[in-house]
Chemist: 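Here's a structure for you.
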Amino acid sequence: MSKKIGLALSGGGSRAAAHLGAIKAFNEAEIKFDWLAGTSAGAMVAVLAANKVDPELILKEIKSLSLFHLVNFSYSLSGLSSLKKIEKLLTKLLDCENFEDLKIPVKVIASSLNTGRIKVFESGEIIPSVIASSSIPIVFPPVKINSDFLIDGGLLMNLPVEPLCEECDFVVGFSITPVLEQSDQEYDRLTNIGFRTFELSVLANVKASKEQCDLFIEPGELSSFGIFSFNKMDEMFEIGYSEARKHIEEIKNATVE
(Lines give C-alpha, C1' and ligand atoms only; values in the text may rest on other atoms or scores of the structure.)
Protein backbone atom coordinates (compact mmCIF):
# COMPACT_ATOMS: atom_id res chain seq x y z
CA MET A 1 0.00 0.00 0.00
CA SER A 2 1.38 3.40 -1.01
CA LYS A 3 1.69 6.23 1.45
CA LYS A 4 -0.12 9.49 0.82
CA ILE A 5 2.37 12.08 -0.39
CA GLY A 6 2.15 15.85 -0.56
CA LEU A 7 4.11 18.57 -2.33
CA ALA A 8 4.50 22.04 -0.82
CA LEU A 9 5.59 24.81 -3.19
CA SER A 10 7.03 28.02 -1.78
CA GLY A 11 6.59 31.55 -3.03
CA GLY A 12 9.41 33.30 -4.84
CA GLY A 13 8.09 35.32 -7.77
CA SER A 14 9.61 34.51 -11.16
CA ARG A 15 11.67 31.73 -9.55
CA ALA A 16 8.44 29.69 -9.66
CA ALA A 17 9.73 28.66 -13.08
CA ALA A 18 11.83 26.19 -11.07
CA HIS A 19 8.59 24.74 -9.64
CA LEU A 20 7.37 24.18 -13.18
CA GLY A 21 10.58 22.35 -14.06
CA ALA A 22 10.17 20.18 -10.98
CA ILE A 23 6.56 19.37 -11.88
CA LYS A 24 7.74 18.27 -15.32
CA ALA A 25 10.31 15.93 -13.74
CA PHE A 26 7.76 14.48 -11.30
CA ASN A 27 5.25 13.95 -14.12
CA GLU A 28 7.83 12.15 -16.26
CA ALA A 29 8.66 9.87 -13.31
CA GLU A 30 4.93 9.23 -12.78
CA ILE A 31 5.06 10.43 -9.20
CA LYS A 32 1.47 11.14 -8.24
CA PHE A 33 0.96 13.52 -5.34
CA ASP A 34 -2.19 13.12 -3.26
CA TRP A 35 -2.11 16.74 -2.07
CA LEU A 36 -0.51 19.98 -3.21
CA ALA A 37 -0.07 23.22 -1.29
CA GLY A 38 1.30 26.54 -2.42
CA THR A 39 2.07 30.04 -1.30
CA SER A 40 2.17 33.08 -3.60
CA ALA A 41 3.71 32.07 -6.96
CA GLY A 42 3.80 28.51 -5.62
CA ALA A 43 0.02 28.68 -5.17
CA MET A 44 -0.44 29.54 -8.83
CA VAL A 45 1.73 26.60 -9.88
CA ALA A 46 -0.04 24.27 -7.43
CA VAL A 47 -3.57 24.95 -8.71
CA LEU A 48 -2.49 24.72 -12.35
CA ALA A 49 -0.58 21.47 -11.70
CA ALA A 50 -3.63 20.12 -9.84
CA ASN A 51 -5.66 20.90 -12.95
CA LYS A 52 -3.13 18.89 -15.01
CA VAL A 53 -2.00 21.88 -17.07
CA ASP A 54 1.29 21.10 -18.83
CA PRO A 55 4.14 22.91 -17.01
CA GLU A 56 5.82 23.93 -20.27
CA LEU A 57 2.55 25.48 -21.46
CA ILE A 58 2.33 27.45 -18.18
CA LEU A 59 5.90 28.67 -18.69
CA LYS A 60 5.12 29.70 -22.26
CA GLU A 61 2.03 31.65 -21.19
CA ILE A 62 3.89 33.48 -18.41
CA LYS A 63 6.78 34.34 -20.75
CA SER A 64 4.34 35.82 -23.23
CA LEU A 65 3.78 38.61 -20.71
CA SER A 66 6.54 41.11 -19.99
CA LEU A 67 7.18 42.10 -16.37
CA PHE A 68 5.19 45.30 -16.77
CA HIS A 69 2.32 43.47 -18.44
CA LEU A 70 2.44 40.77 -15.79
CA VAL A 71 2.09 42.99 -12.77
CA ASN A 72 0.12 45.71 -14.61
CA PHE A 73 1.62 48.64 -12.70
CA SER A 74 -1.04 51.10 -11.55
CA TYR A 75 -0.10 53.28 -8.62
CA SER A 76 -2.56 53.54 -5.74
CA LEU A 77 -2.61 54.19 -2.01
CA SER A 78 -3.06 50.49 -1.26
CA GLY A 79 -0.27 49.18 -3.46
CA LEU A 80 1.93 49.95 -6.43
CA SER A 81 0.30 47.53 -8.86
CA SER A 82 -2.50 45.09 -9.42
CA LEU A 83 -2.62 41.39 -10.30
CA LYS A 84 -5.23 41.60 -13.06
CA LYS A 85 -2.92 39.99 -15.62
CA ILE A 86 -2.31 37.01 -13.34
CA GLU A 87 -6.06 36.69 -12.84
CA LYS A 88 -6.60 36.61 -16.62
CA LEU A 89 -3.82 34.04 -17.01
CA LEU A 90 -5.39 31.75 -14.42
CA THR A 91 -8.81 32.16 -16.00
CA LYS A 92 -7.34 31.14 -19.36
CA LEU A 93 -5.49 28.06 -18.09
CA LEU A 94 -7.96 26.72 -15.52
CA ASP A 95 -11.04 24.87 -16.74
CA CYS A 96 -12.76 25.01 -13.35
CA GLU A 97 -13.65 27.70 -10.82
CA ASN A 98 -13.68 25.89 -7.46
CA PHE A 99 -11.15 23.89 -5.46
CA GLU A 100 -13.59 21.00 -5.28
CA ASP A 101 -13.31 20.52 -9.05
CA LEU A 102 -9.51 20.23 -9.22
CA LYS A 103 -8.10 16.81 -10.08
CA ILE A 104 -5.78 16.91 -7.05
CA PRO A 105 -6.78 18.65 -3.77
CA VAL A 106 -4.88 21.86 -3.06
CA LYS A 107 -4.33 24.15 -0.09
CA VAL A 108 -3.53 27.82 -0.82
CA ILE A 109 -1.96 29.98 1.89
CA ALA A 110 -2.54 33.70 2.47
CA SER A 111 -1.77 36.01 5.41
CA SER A 112 -4.60 37.85 7.17
CA LEU A 113 -3.97 41.49 8.05
CA ASN A 114 -6.98 41.32 10.37
CA THR A 115 -5.96 38.38 12.53
CA GLY A 116 -2.20 38.15 11.96
CA ARG A 117 -2.62 34.45 11.18
CA ILE A 118 -2.43 32.34 8.05
CA LYS A 119 -5.58 31.66 6.07
CA VAL A 120 -5.80 28.27 4.37
CA PHE A 121 -8.06 27.98 1.32
CA GLU A 122 -9.10 24.54 0.09
CA SER A 123 -12.71 25.07 -0.93
CA GLY A 124 -14.70 27.65 -2.84
CA GLU A 125 -13.35 29.89 -5.60
CA ILE A 126 -9.75 29.28 -6.65
CA ILE A 127 -8.65 32.49 -8.31
CA PRO A 128 -9.40 35.03 -5.54
CA SER A 129 -7.45 32.94 -3.04
CA VAL A 130 -4.44 32.66 -5.36
CA ILE A 131 -4.49 36.41 -6.00
CA ALA A 132 -4.63 37.03 -2.24
CA SER A 133 -1.79 34.58 -1.64
CA SER A 134 0.32 36.45 -4.23
CA SER A 135 -0.27 40.00 -3.01
CA ILE A 136 3.25 41.02 -1.99
CA PRO A 137 3.07 43.93 0.50
CA ILE A 138 4.06 47.32 -0.95
CA VAL A 139 3.86 45.98 -4.51
CA PHE A 140 0.26 44.75 -4.56
CA PRO A 141 -2.86 45.85 -2.68
CA PRO A 142 -4.47 43.45 -0.16
CA VAL A 143 -7.38 41.33 -1.34
CA LYS A 144 -10.61 41.31 0.65
CA ILE A 145 -12.34 37.93 0.93
CA ASN A 146 -15.39 37.98 3.16
CA SER A 147 -14.26 40.13 6.11
CA ASP A 148 -10.53 39.42 5.79
CA PHE A 149 -7.93 41.66 4.16
CA LEU A 150 -5.34 39.24 2.83
CA ILE A 151 -1.77 39.56 1.59
CA ASP A 152 1.04 37.29 0.44
CA GLY A 153 1.12 34.03 2.38
CA GLY A 154 4.91 34.16 2.40
CA LEU A 155 4.84 36.73 5.19
CA LEU A 156 3.77 34.01 7.66
CA MET A 157 4.20 30.67 5.85
CA ASN A 158 6.18 30.71 2.64
CA LEU A 159 6.60 26.93 2.51
CA PRO A 160 3.21 25.40 3.40
CA VAL A 161 4.32 22.07 4.82
CA GLU A 162 2.33 22.06 8.07
CA PRO A 163 -1.13 22.04 6.40
CA LEU A 164 -0.08 18.96 4.40
CA CYS A 165 1.17 17.07 7.45
CA GLU A 166 -2.47 16.68 8.48
CA GLU A 167 -3.27 14.90 5.22
CA CYS A 168 -0.11 13.07 4.16
CA ASP A 169 2.37 10.46 5.35
CA PHE A 170 5.29 11.97 3.42
CA VAL A 171 5.69 15.66 2.51
CA VAL A 172 8.13 17.08 -0.01
CA GLY A 173 8.94 20.76 0.42
CA PHE A 174 10.26 22.55 -2.67
CA SER A 175 11.68 25.97 -1.75
CA ILE A 176 12.72 28.59 -4.27
CA THR A 177 13.98 31.15 -1.75
CA PRO A 178 17.62 30.33 -0.93
CA VAL A 179 19.40 32.95 1.19
CA LEU A 180 20.70 35.84 -0.88
CA GLU A 181 23.11 38.21 0.87
CA GLN A 182 22.93 41.84 -0.21
CA SER A 183 26.03 43.48 1.20
CA ASP A 184 26.22 45.92 -1.71
CA GLN A 185 22.58 47.02 -1.53
CA GLU A 186 21.79 50.65 -0.76
CA TYR A 187 19.06 50.82 1.89
CA ASP A 188 18.20 54.45 1.40
CA ARG A 189 14.73 54.02 -0.10
CA LEU A 190 11.59 52.80 1.60
CA THR A 191 10.85 50.33 -1.21
CA ASN A 192 14.28 48.69 -0.84
CA ILE A 193 13.85 48.46 2.92
CA GLY A 194 10.30 47.11 2.54
CA PHE A 195 11.29 44.40 0.07
CA ARG A 196 14.23 43.28 2.19
CA THR A 197 12.16 43.23 5.37
CA PHE A 198 9.58 41.04 3.66
CA GLU A 199 12.30 38.76 2.28
CA LEU A 200 13.88 38.30 5.72
CA SER A 201 10.49 37.37 7.19
CA VAL A 202 10.09 34.80 4.43
CA LEU A 203 13.54 33.32 5.03
CA ALA A 204 12.87 33.00 8.76
CA ASN A 205 9.62 31.09 8.42
CA VAL A 206 11.02 28.79 5.70
CA LYS A 207 13.63 27.62 8.21
CA ALA A 208 10.84 26.56 10.56
CA SER A 209 8.90 24.78 7.81
CA LYS A 210 12.02 22.98 6.62
CA GLU A 211 12.10 21.00 9.86
CA GLN A 212 8.63 19.59 9.13
CA CYS A 213 9.55 18.22 5.69
CA ASP A 214 10.23 14.56 5.09
CA LEU A 215 12.24 15.75 2.09
CA PHE A 216 13.38 19.34 1.64
CA ILE A 217 14.54 20.51 -1.80
CA GLU A 218 16.02 23.97 -2.42
CA PRO A 219 18.12 24.57 -5.55
CA GLY A 220 21.00 26.75 -4.38
CA GLU A 221 21.56 28.05 -7.93
CA LEU A 222 18.37 30.09 -7.62
CA SER A 223 20.09 32.47 -5.20
CA SER A 224 21.45 34.45 -8.15
CA PHE A 225 17.94 35.24 -9.45
CA GLY A 226 15.50 37.84 -8.14
CA ILE A 227 11.73 37.59 -7.79
CA PHE A 228 11.28 39.68 -10.94
CA SER A 229 13.83 37.84 -13.15
CA PHE A 230 11.19 37.00 -15.74
CA ASN A 231 13.77 37.13 -18.54
CA LYS A 232 15.62 34.18 -16.96
CA MET A 233 12.68 31.80 -16.55
CA ASP A 234 13.97 29.19 -19.04
CA GLU A 235 17.17 28.87 -17.04
CA MET A 236 15.28 28.57 -13.75
CA PHE A 237 12.92 25.99 -15.27
CA GLU A 238 15.92 23.78 -16.11
CA ILE A 239 17.39 24.25 -12.62
CA GLY A 240 14.14 23.04 -11.05
CA TYR A 241 13.88 20.14 -13.48
CA SER A 242 17.46 18.96 -12.82
CA GLU A 243 17.13 19.33 -9.05
CA ALA A 244 13.86 17.38 -8.89
CA ARG A 245 15.30 14.53 -10.97
CA LYS A 246 17.99 14.01 -8.32
CA HIS A 247 15.31 13.08 -5.77
CA ILE A 248 12.99 10.87 -7.85
CA GLU A 249 14.21 7.54 -6.48
CA GLU A 250 14.30 8.86 -2.92
CA ILE A 251 10.63 9.86 -3.16
CA LYS A 252 9.62 6.57 -4.75
CA ASN A 253 11.48 4.49 -2.18
CA ALA A 254 10.12 6.50 0.76
CA THR A 255 6.50 6.40 -0.28
CA VAL A 256 6.02 2.70 -1.01
CA GLU A 257 5.43 0.41 1.95
Side-chain angles (χ1 to χ4, degrees), residues 6-20 22-23 33 35-55 57-59 61-62 64-65 69-72 78-79 81-113 117-137 139-146 148-161 163-164 174-177 198 202 227-228 230 233:
L7 175 64
L9 302 175
S10 81
S14 63
R15 290 177 295 210
H19 285 329
L20 295 172
I23 296 295
F33 291 97
W35 277 88
L36 299 176
T39 296
S40 197
M44 181 178 71
V45 174
V47 298
L48 291 173
N51 200 47
K52 302 295 185 180
V53 182
D54 181 76
L57 172 61
I58 301 170
L59 180 67
E61 291 292 339
I62 295 175
S64 71
L65 304 171
H69 284 151
L70 188 64
V71 296
N72 190 27
S78 57
S81 56
S82 72
L83 286 162
K84 290 294 183 184
K85 295 295 180 181
I86 293 292
E87 184 176 341
K88 290 181 180 178
L89 184 66
L90 288 168
T91 301
K92 179 179 180 179
L93 295 177
L94 285 173
D95 61 10
C96 59
E97 294 183 1
N98 297 314
F99 282 91
E100 292 86 349
D101 299 318
L102 291 169
K103 298 175 177 67
I104 303 172
V106 176
K107 296 176 186 277
V108 166
I109 310 302
S111 301
S112 170
L113 289 175
R117 295 191 291 269
I118 68 164
K119 179 77 174 181
V120 181
F121 293 94
E122 55 187 301
S123 62
E125 290 185 272
I126 298 168
I127 293 178
S129 69
V130 174
I131 298 301
S133 178
S134 305
S135 295
I136 301 172
V139 183
F140 306 123
V143 174
K144 187 178 182 182
I145 297 179
N146 298 322
D148 261 339
F149 282 92
L150 302 163
I151 58 173
D152 197 298
L155 182 68
L156 299 177
M157 184 180 284
N158 196 52
L159 185 63
V161 177
L164 291 183
F174 200 102
S175 172
I176 53 173
T177 53
F198 176 72
V202 166
I227 64 172
F228 294 127
F230 290 97
M233 293 189 78

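All values below come from the heavy atoms of this structure, side chains included, with hydrogens, waters and symmetry mates left out. Positions are given from 1 along the sequence.
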Chemist: Measure the CD1-NZ distance between I127 and K88 for me, rounded to the nearest 0.5 Å.
Modeler: 12.5 Å
Chemist: So, S133 side chain and S129 main chain: donor-acceptor pair closer than 3.5 Å or not?
Modeler: no
Chemist: Working note: K119 + L150, criterion side chain to side chain contact (heavy atoms under 4.5 Å, CB included); need CA distance, chi angles, decisive distance, verdict.
Modeler: CA-CA 8 Å; K119 179 77 174 181; L150 302 163; 4.0 Å; yes
Chemist: If you count the non-hydrogen atoms of other residues, nucleotides and ligands that lie under 6.0 Å from NZ in K92, is the total more than 12?
Modeler: no
Chemist: Can you see which heavy atom on I145 is nearest to which on A132, and at what distance?
Modeler: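 Looking at all heavy atoms of both residues, the shortest contact is CD1-CB, 4.2 Å.
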Chemist: Evaluate the criterion side chain to side chain contact (heavy atoms under 4.5 Å, CB included) for residue pair I58 and I62; output intermediate values, then yes/no.
Modeler: CA-CA 6 Å; I58 301 170; I62 295 175; 3.9 Å; yes
Chemist: Please report the closest heavy-atom contact between R117 and L156, naming both atoms and the distance.
Modeler: C-CD1, 3.5 Å
Chemist: Give the C-alpha distance, both sets of side-chain angles, the deciding distance and a yes or no for side chain to side chain contact (heavy atoms under 4.5 Å, CB included) between S14 and F230.
Modeler: CA-CA 5 Å; S14 63; F230 290 97; 3.8 Å; yes
Chemist: Do side-chain atoms of N98 reach the backbone of D101 as a donor and acceptor pair under 3.5 angstrom?
Modeler: no
Chemist: Taking the side chain from S10 and the backbone from N158, do they hold a donor-acceptor pair closer than 3.5 Å?
Modeler: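 Here the side-chain-to-backbone pair does not exist.
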Chemist: Kindly write out the residues that satisfy ring-ring contact (aromatic ring centres under 6.0 Å, His included) with F121, not counting sequence neighbours, or none if the list is empty.
Modeler: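 For F121 there are no ring-ring contact (aromatic ring centres under 6.0 Å, His included) partners, ignoring immediate neighbours.
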Chemist: Are any of the side-chain heavy atoms of I151 and I136 separated by less than 4.5 Å?
Modeler: no
Chemist: Might you point out which heavy atoms bring A41 and G13 nearest each other, and give the distance in Å?
Modeler: CB-O, 3.5 Å
Chemist: Checking side chain to side chain contact (heavy atoms under 4.5 Å, CB included) between T39 and each of L9, V108, D152, which is the one that passes?
Modeler: D152
Chemist: Taking atom OG1 of T91 and atom NZ of K84, what is their separation to the nearest 0.5 Å?
Modeler: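 Separation between the atoms: 10.0 Å.
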Chemist: Do L102 and L36 pass the side chain to side chain contact (heavy atoms under 4.5 Å, CB included) test, and can you show the C-alpha distance, the side-chain angles, and the key distance before you say yes or no?
Modeler: CA-CA 11 Å; L102 291 169; L36 299 176; over 6 Å; no
Chemist: Which heavy atom in I109 sits nearest to a heavy atom in P163, and how many Å separate them?
Modeler: CD1-CG, 4.0 Å
Chemist: Any non-hydrogen side-chain atom of V47 less than 4.5 Å from a side-chain atom of N51?
Modeler: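 Counting from C-beta outward, V47 and N51 never come under 4.5 Å.
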Chemist: If I take atom NE2 from residue H19 and atom CG from residue L59, how far apart are they, to the nearest 0.5 angstrom?
Modeler: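 Output value for this atom pair is 13.5 Å.
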Chemist: Does anything in residues 120-134 form a salt bridge (Lys or Arg N to Asp or Glu O under 4.0 Å)? List the pairs, not counting sequence neighbours.
Modeler: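 Sorted pair list: K107-E122.
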Chemist: First locate atom CG of L48, then atom CG of L20, and finally report the distance between them rounded to the nearest 0.5 Å.
Modeler: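 Rounded to the nearest 0.5 Å, the CG-CG separation comes to 8.0 Å.
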Chemist: Taking all non-hydrogen atoms of both residues, which atom of G6 and which atom of F33 are closest, and how far apart?
Modeler: C-CD2, 3.7 Å
Chemist: Determine whether a donor-acceptor pair (N or O, by modelled atom type, separation under 3.5 Å) exists between the side chain of R15 and the backbone of I176.
Modeler: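 Yes.
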Chemist: Show the nearest heavy-atom pair for residues I23 and P55, with the distance to one decimal.
Modeler: CG2-CG, 4.2 Å
Chemist: Could you tell me whether the side chain of S40 reaches within less than 4.5 Å of the side chain of S134, counting heavy atoms only?
Modeler: yes
Chemist: CG of L7 to CH2 of W35: how many Å apart, nearest 0.5 Å?
Modeler: 13.5 Å
Chemist: Nearest 0.5 angstrom please: N146 CG to K144 NZ, how far?
Modeler: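 So the CG of N146 and the NZ of K144 are separated by 9.0 Å.
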